[in-house]
Each structure stands twice: as C-alpha cells, then as structure tokens.
Amino acid sequence: MTKEVLAVRHVTKRFGQGENQVVALQDASMSVRASEVVLIIGPSGSGKSTLLTILGGLQTPTEGEVRLMNEDLQALTQRDLEKLRLDKIGFVLQAYNLVPYLTVADQFKLVDQVKKTPNVAEKTFERILRRLGIVAMTHRYPDELSGGQKQRVALARALYADPTIILADEPTAALDSERVNEVGQLLAEIAHQQHKAVVVVTHDIRLQEFADRTYEIVDGRLSEKS
Amino acid sequence: MFLAWREIKKEKMRYGLVITVVMLISYLVFVLCALAMGLARENTVAIESWQIKSAVMTRDANGNAGQSLLTEQEARSLQQKRGAAILGITPTTMKRAGHRESVQFIGLHANEFVKDRLQVVSGRLPQHADEIAVDTTLNHARYPRHETVTLGLSATRYKIVGYVAQAQYNMAPVVYGDLEAWSSIKGVSNDYAGSLAVYREDAPNVPRELVNYSTKQLIDKLPGYVAQKATFGLMIGFLVIISMIIMTIFLYILTIQKLPNLAVLRAQGIPNRFLTRNTLFETGVIVMSAVVIGGGLAVMTLTLLPDTVPVYISWPVTGLIALGLLLTGLLGTIVPIRLISKIDPASVIGG
C-alpha cells in the first residue's frame with residue numbers, strides 16, 4: 001500500500017455572511033496516495049476550483065482539516081505555505097501558466113532563484129523533457145509555442161521542483177482530443193513512474209480513462225465514484 | 001533581478017518607451033540645473049572668488065553694494081581689523097571703438113588681500129590708476145589687451161592689462177581697477193572712499209548706520225538673485241516630482257498588466273519579497289538608464305550652446321539630482337508594490 005500524501009477531512013468552505021452566504025464545499029473528505037491519479041470531476045460552479053485552492057494551501061477551509069504529507073495546512077504561516085507550495089506542490093494551471101517574458105529554460109531557472117531545497121536530478125529532468133518532447137524548445141518564449149506545447153512545458157515546470165503532489169486545474173481546457181490523450185497519458189506516467197500523487201480538477205470526462213480514482217463534485221458535495 | 005532583466009530584455013519596446021519618457025524629464029532637469037547654476041554663478045562667482053566671510057556696507061544701501069557709499073572716516077575705521085579690504089563697486093558702461101558693454105567696475109586697493117585672490121588668466125593685475133583687468137568672458141577681439149577703453153562718467157582712458165577668470169557679479173562681467181578710479185567712474189566726490197569693506201574673517205562690530213552681512217546674506221541681497229534661484233529650484237523640484245508621478249503611473253500600468261502572471265508565481269510559491277525586489281530593481285534600471293542617457297545628452301547639448309548662454313555644470317549638484325531622481329523613482333514603486341502584496345494567488349485557479 002502506497003503512503004497517503006494528501007488527506008482532506010470534513011472540509012466545508014463558506015463565502016459571505018447571513019443571507020448572502022454561499023456554501024462552496026460541504027463536508028468534503030478525500031485522500032490521495034502517491035503513484036495515483038485522482039480525478040475530481042464536476043460541472044462549472046460545483047466547487048471543484050475552491051477545493052483545489054484549499055488543497056494547494058491558497059485558501060483555508062471554514063471547517064475541517066487538510067493534511068499534506070501529514071502536515072496540517074491550517075497550522076502553517078503564510079511564509080510556510082509559500083515554502084510548501086514551492087517545495088512540495090507542482091501546479092499545472094489552465095491559463096497564464098507560463099511567464100510570458102521567460103524562455104522555456106528560464107521558467108525552470110526561476111525556480112532555482114527562490115528554492116533552497118534541491119530540484120529534480122539533472123538526468124531525470126532531461127528524460128522528462130525528452131518524454132514531453134520539449135528539449136528543442138528551451139530557448140523559445142511561450143508566445144512561440146502551441147497550446148499543447150505550453151501545457152507540456154507547464155507540466156515540466158511543475159515537475160522540475162520535484163514536488164510530492166501535482167495539482168492540475170483543467171489541464172486539457174482548449175485542447176483537441178489527441179492532445180487530451182497525450183496530457184492524460186503524461187499525467188498517468190508522472191504518477192506511476194515517478195511516484196507522484198496527481199490530482200486533476202476538470203469537467204473533461206475524456207480524462208477519466210487515465211485516472212486511478214475519480215471523485216465527483218456537485219453543488220459542493222464530494223463523492224467517490226465507484 | 002532575474003525576472004526584471006529578462007522582462008526588460010523581452011519587452012524592449014515597452015521599457016524603451018518608459019525609459020525615453022523618464023530620460024526626457026531627467027534631460028530637462030539637468031539642462032535647467034546647468035542653466036540655473038550658470039545664471040547663479042554670473043551673480044556670485046566674483047564674490048566667491050574673493051573667499052570672504054563677511055562684508056560691511058551702509059544701512060541705506062539695503063545690502064546692494066552698488067548703492068553703498070562709505071565715507072573716508074568709515075572706511076578708515078573698518079580697515080583697522082586684520083584681513084579687511086575696501087572695495088568700490090559700481091555698475092557702469094565700458095566703451096571702445098563703437099562697442100558698449102554693461103559691466104561692474106570693482107576698484108581695489110593694491111595692498112589688500114582681495115587682489116591676491118583674483119585668478120589672472122593672461123596679462124597681469126592693474127598696478128596704476130589708469131589700468132584695468134577684465135573678465136575673461138568679455139570678447140577678446142573687441143576688448144584686446146593693451147587697448148584703452150572709457151568707463152562710466154570718467155574721462156580717463158583705461159588700459160586693459162589682463163584678463164581675470166571667475167569675474168562676474170550681479171549678471172555682468174567685472175572690470176577690476178584701482179580704487180582711486182572708482183569715485184570718478186561712479187561720479188561721486190572724493191569724500192567717499194568705497195562701497196563696502198570685506199573681511200577674511202568675521203567683521204568687527206559696526207555703528208548703527210552700517211550693516212554687517214555674511215557672504216550668504218550678501219549674495220542673497222543681490223537684486224533678483226533669490227527670486228531667480230527659487231524659480232529654477234521650483235521648476236527642477238516640480239520636474240523631479242512629475243518624474244516620480246510618471247514612474248508611478250507606468251509601473252502601476254505595467255504591474256496591472258502582469259498581475260495574472262504574478263498571481264501564478266505567487267500560487268507556485270514564489271515569495272512576495274522576491275517579486276518586490278524585482279520591481280525595485282526594474283525601477284532602478286529604468287531610472288539609472290534614463291538618468292545616464294539624459295545626463296549624457298544634456299552635457300552634449302550644453303557644450304553646443306553659444307557662449308552668451310550662461311551654463312555651469314556642477315558635478316556634485318548633478319550627482320545629487322541624479323540621486324534625487326533615483327530615490328523619487330523608487331518612491332514611485334510604493335503603489336505597484338502594494339498592488340503586488342495584495343495579489344490573491346487563489347484567483348488563478350478556475351480560470
């Protein structure tokens with residue numbers, strides 16, 4: 001049995017007060033282990049983005065507990081959370097994912113500028129770049145890349161810091177079916193071969209075939225699909 | 001630094017335009033400063049060249065040495081203290097071969113300290129009552145050495161025997177001559193011995209009808225000097241403030257445009273202080289480049305100006321202004337830095 005990387009227990013998130021109060025998440029519980037891809041699927045406005053921000057330590061839950069590598073996120077200071085995001089979490093976001101004025105190589109060097117703990121080994125990273133097919137693109141700027149290439153660079157960027165968990169937000173948005181399969185396979189490879197925990201938040205059901213487990217979220221209620 | 005350099009390298013046009021605008025302002029500031037200093041020097045450089053600490057003149061003159069008349073008795077009493085010199089100052093007209101020049105005649109005693117402090121560029125200082133040494137900025141062709149000129153109301157022809165540097169007073173070139181000649185040029189009786197007494201050290205106590213001025217007070221009393229200095233000072237000050245406002249606006253717009261990218265970086269765990277340092281460095285690069293280019297262009301412009309335009313480049317003052325521009329530019333980063341500190345990294349999730 002692989003170790004539990006992320007544990008979410010009875011998490012509720014409310015926004016606003018009184019009559020204007022909105023419950024974005026209601027008593028959500030889940031767990032993610034290393035070497036697995038967990039898909040959180042749900043329609044727009046279902047609360048999946050709120051859940052992802054809480055998993056990434058970008059927001060605190062109103063109630064409940066989130067533990068990453070057995071560390072209680074609510075107990076951490078903002079500075080500790082920043083360090084945690086830098087060292088342990090790899091984000092793959094759907095928009096503005098890459099810094100437009102940095103070349104592909106510089107997107108990785110930026111991590112070196114701020115991160116004190118070592119990044120992924122050079123040889124491993126070269127293998128990742130080759131597998132993602134972006135070795136020849138390291139001197140290009142994001143505006144010289146296609147949508148699929150950008151998403152692959154974003155994945156490489158997320159993996160470069162050697163995180164424990166990858167949190168992906170709609171990684172296949174605006175990609176055609178061929179690219180969706182490519183991204184799905186990559187995420188699965190990352191989980192299974194590099195033993196990372198991968199959480200993907202999406203409304204794209206085409207990614208379901210690459211997931212080890214799938215959670216469904218509707219109106220803020222999270223349930224695991226059998 | 002890492003982000004700032006790469007951003008400037010990628011967005012050359014955008015940053016080039018920002019640098020151009022700040023450069024034009026710094027150029028204007030440097031040119032105005034050199035003009036202001038040039039004008040100020042035309043008022044004061046002669047006084048500064050004497051290296052005096054204080055001056056005494058009549059109360060009725062209200063600090064204007066050209067209006068002051070010391071009697072023989074007053075002059076004798078003021079000369080008692082060591083390191084004193086009696087000067088006779090009068091604005092007058094120098095004429096030669098159809099040319100007329102408004103000048104300040106300053107009569108000196110041969111054996112007093114002021115004469116030793118004059119910087120003779122060529123020729124020599126006057127040794128007789130009918131000899132003069134003129135400011136080096138006067139046209140040498142119109143007023144050549146060994147030629148004679150007439151001065152004011154005096155019928156005497158005065159021979160030019162030398163040229164003196166740093167000899168401008170109250171916006172006019174100075175003609176140094178003998179104190180004996182002063183009364184006839186000014187057209188006053190021989191009862192008066194000079195305009196003022198100047199001292200290397202503090203002046204002695206003086207009777208009620210005389211007033212003791214420090215060098216600064218003496219300069220500030222020059223007609224129009226303070227108003228002129230204040231006008232230029234205000235113009236330069238406003239320009240520095242305008243440059244700060246422009247920097248703030250540009251940095252605000254640039255920061256607003258890249259907020260989504262900065263939010264992604266914050267979400268990825270890049271610390272706020274790293275982004276803040278980059279903004280400060282970016283501002284430093286913009287201002288420094290603008291100041292260096294603006295300063296260089298200003299020096300080029302100033303060297304091309306005709307001699308009739310009074311210009312003086314003081315490197316310490318120029319350095320202070322450059323520092324002022326840099327500091328106000330950095331002050332302009334307060335708004336964008338506040339903006340960065342308020343970024344919500346959660347905003348990047350969910351598109």
Side-chain angles (χ1 to χ4, degrees), chain A residues 24 44-60 78-103 105-107 109-115 141-143 154 157-158 160-161 163 167-170 173-174 201, chain B residues 1-19 250-251 253-283 285-286 336-351:
Chain A
S44 296
S46 58
K48 56 186 192 301
S49 294
T50 305
L51 178 60
L52 195 70
T53 58
I54 291 171
L55 301 186
L58 299 169
Q59 282 197 88
T60 49
Q78 274 306 316
R79 192 168 274 200
D80 291 338
L81 281 170
E82 273 175 5
K83 193 172 173 330
L84 182 91
R85 289 202 296 269
L86 197 60
D87 295 344
K88 303 266 172 64
I89 304 174
F91 277 102
V92 181
L93 307 165
Q94 59 172 302
Y96 306 113
N97 212 343
L98 303 172
V99 183
Y101 44 85
L102 295 183
T103 61
D106 284 340
Q107 308 277 344
K109 282 183 198 159
L110 174 62
V111 181
D112 296 332
Q113 295 287 314
V114 283
K115 192 163 170 270
Y141 286 100
D143 59 6
R157 155 72 182 78
Y160 181 67
L167 299 179
D169 177 32
E170 302 278 9
V201 158
Chain B
M1 281 63 85
F2 177 87
L3 279 177
W5 272 129
R6 279 155 181 81
E7 188 178 3
I8 292 169
K9 196 175 133 197
K10 175 78 168 42
E11 306 289 350
K12 288 182 194 79
M13 175 64 106
R14 183 181 294 184
Y15 282 90
L17 287 172
V18 178
I19 288 171
F250 276 131
L251 288 170
I253 294 169
L254 290 174
T255 309
I256 286 273
Q257 284 175 338
K258 58 187 184 189
L259 272 184
N261 303 120
L262 296 175
V264 168
L265 294 176
R266 296 277 290 112
Q268 288 169 341
I270 307 288
N272 206 12
R273 57 191 181 281
F274 179 82
L275 302 176
T276 302
R277 273 205 305 266
N278 266 286
T279 304
L280 285 171
F281 182 75
E282 212 165 75
T283 310
V285 170
I286 293 171
I337 283 174
R338 217 175 123 73
L339 213 59
I340 291 169
S341 70
K342 288 191 177 300
I343 287 173
D344 177 14
S347 64
V348 296
I349 308 283

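Reckoned from all heavy atoms, side chains included, excluding hydrogens, waters and symmetry mates.
- Highest contact tally toward chain B, considering only A/Leu81, A/Asp106, A/Leu52, is held by A/Asp106 [criterion: heavy-atom pairs under 4.5 Å].
- For A/Lys109, the parts lying near chain B are the backbone and the side chain together; criterion is any non-hydrogen pair under 4.5 Å.
- To the nearest 0.5 Å, atom CD of residue B/Gln268 and atom CZ of residue A/Phe91 are 8.0 Å apart.
- The shortest heavy-atom contact between B/Ile270 and A/Leu86 is CD1-CD1, 4.2 Å.
- The side-chain heavy atoms of A/Leu110 and B/Leu265, taken from C-beta on, include a pair separated by under 4.5 Å.
- Taken from CZ in B/Phe2 to CG in A/Leu102, the straight-line distance is 5.5 Å, to the nearest 0.5 Å.
- Legend: residues meeting salt bridge (Lys or Arg N to Asp or Glu O under 4.0 Å) with A/Asp87, ordered by chain and number and at least two apart, are A/Lys83.
- Looking at A/Pro100, both its backbone and its side chain come within 4.5 Å of chain B, counting heavy atoms on both sides.
- In this structure B/Arg266 satisfies the salt bridge (Lys or Arg N to Asp or Glu O under 4.0 Å) test together with A/Glu82, sequence neighbours excluded.
- Within residues 272-282 of chain B, the residues approaching chain A closer than 4.5 Å by heavy atoms are, in numerical order, B/Asn272, B/Arg273, B/Phe274.
- With respect to chain B, the highest number of heavy-atom pairs below 4.5 Å among A/Arg79, A/Gln78, A/Lys115, A/Lys48 belongs to A/Arg79.
- In this structure, B/Lys10 pairs ionically with A/Asp143, as a charged nitrogen and a carboxylate oxygen lie closer than 4.0 Å.
- Contact of the A/Val99 side chain with the B/Val264 side chain is not registered, since no non-hydrogen atoms from C-beta on lie closer than 4.5 Å.
- At least one donor-acceptor pair closer than 3.5 Å links the side chain of A/Arg85 to the backbone N or O of B/Ala267.
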Give every donor-acceptor pair under 3.5 Å between a side-chain atom in residues 53-60 of chain A and any protein atom, sequence neighbours left out.
{"residue": "A/Thr53", "atom": "OG1", "partner": "A/Thr50", "partner atom": "O", "Å": "2.6"}
{"residue": "A/Thr53", "atom": "OG1", "partner": "A/Gln59", "partner atom": "NE2", "Å": "2.9"}

